[in-house]
Amino acid sequence: MKLDGFEVSKIIKNNLRTEVEILKGQGKRVPCLAVVLVGTDAASQTYVNSKVKQCERVGFESQAYLLPEDTSLETLLSLISDLNQDDRVDGILVQLPLPKHLDEDIVINALSPDKDVDGLHPENVGLLALDQARFIPCTPKGIMTLLNEYNIDLSGKRALVIGRSRLVGKPVASLLMKENATVTIAHSKTTNLESLIAENDIIVVAIGKAQFIEASMIHGNHVLIDVGIHRIDGKIVGDVQPEAYEKAAYATPVPKGVGPMTIASLLENTMVAYKLKGE
Ligand code: GUN
């Protein structure tokens, strides 16, 4: 069965739109997201455009800062400092990956934790690890919302997370654990991946390699979450061979699976940031 992220994301956005209408009716300011992109990576440009467009769709304000590839750390930190202090800005997202000369840790650490809608600042990572999350990173949040929407019970289930990134692998493992799943984290150096897949119930693939997981590894009891997005010969594919989606009990397709849920979760987190201000 398809886990239809596109349809579920529409429900989330409709709910946010209604909330924005209520705020407007009360004469209040609407939430505002600032998106920062450094460089000209084509995929990142697409994501940033889409984030700005979806802000408009729900009635949020947005600000896009498109900086050249050779932007200095000093310039970027100065922009972040301005956005941190700007009362009209609720959420700040710095699109990753950054160009190599910019240290991601320094940039993320400079974000005000109250505006870090990606949930990447160490304070927010710590809160999530302690099950006290302020901002749940967008892709993991979207995955958990989708599983919940389809009433997929996680308690006592064995979940395999393939990938250990700060954006997806690590936080989704924490969230699955919180829901009482027994979690294994595999990564590029894991040797017995095929047998791990065979013995787990829920498989989250966020390894960043196109069609890395073969359809033959997936069986009819699997819940399969494909986080990958790759463009190959003009077609969008995931980290899993698409024939696997039909074989699994439940699966997120690529496109229209996890991708739209990530953006819907970003909008939800922007609303969380807005409400934190308590205006
Ligand atoms: N690059 C790919 N996914 C994401 C995301 O969720 N947030 C940010 N900031 N960058 C990304």
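Numbering of ligands and ligand atoms starts at 1, following listing order. Below, each value reflects all heavy atoms present in this structure, side chains not excepted, and no hydrogens, waters or symmetry copies.
- For the pair Asp233 (side chain) and Lys235 (backbone), a donor-acceptor distance under 3.5 Å is absent.
- Judged purely by atom type and a 3.5 angstrom limit, Asp4 uses its side chain to pair as donor or acceptor with the backbone of Phe6.
- Enumerated by chain and number, the residues approaching ligand 1 to less than 4.0 Å through a heavy atom are Leu93, Val94, Gln95, Leu96, Asp118, Leu167.
- Judged as a side chain to side chain contact (heavy atoms under 4.5 Å, CB included), and not counting sequence neighbours, Val125 has no contacts.
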Per-pair distances, 0.1 Å, donor-acceptor, side chain in residues 206-217, under 3.5 Å, sequence neighbours excluded:
none

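- The hydrophobic side chain of Leu127 is isolated, with no ILVMFWY side chain under 4.5 Å apart from it.
- Under a 3.5 Å cut-off, the side chain of Arg17 and the backbone N or O of Gly59 do not form any donor-acceptor pair.
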